[in-house]
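What follows is a single structure, written as structure tokens, with notes after it.
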Amino acid sequence: KFKELTFMMLLERLLVMASLGLSGNLPAKPLTAMSQLWALALVSLLTTFVALSSLEGLNVPMYNALKRLTSLVTLLAEFLILNKRASREVSMAVLLIAAGAVLAGLHDLEYAPLSYLWA
């Protein structure tokens, strides 16, 4: 079980800042960049928080299996919201991946509903 959520989020942010600094890609005017990218940073922070929160009740292999269902959700949302239909090959590949993820999840002995929802 994962218990160091805050520490991992801090390490991730520090690693991003360090790699930007080492690569020379830090913006010349950081406040201007921050004012333009605050929404993206907030979504990134929220995504990281949700992902790491789900690891508190899931093991890493199960988390990976659940993340594979994301493509099925995206495929369904595109169809329902955008009326966009994927090719037959893409649909079959996504269904195969989703079926494998469900099959992997059937034998999870530590079922934690909230963690499954976060994942």
| Atom pair CG (L75) and CG (L95), whose distance is rounded to the nearest 0.5 Å | 7.0 Å
| message | Nearest 0.5 Å, please: how far is CG in L96 from CZ in R68? | response | 11.5 Å
| said: Nearest 0.5 angstrom please: L76 CG to L69 CG, how far? | reply: 10.5 Å
| Can you tell me how far the OG1 atom of T47 sits from the CG atom of L42, to the nearest 0.5 Å? | 9.0 Å
| said: Would a single hydrophobic cluster contain both V90 and M92, if residues Ile, Leu, Val, Met, Phe, Trp and Tyr are joined by side-chain heavy-atom contacts under 4.5 Å? | reply: no
| message | Test your reading of the model: is there a side-chain donor-acceptor pair from T74 to the backbone of T70, 3.5 Å cut-off? | response | yes
| request: To the nearest 0.5 Å, tell me how far F79 CZ sits from R85 CZ. | output: 4.5 Å
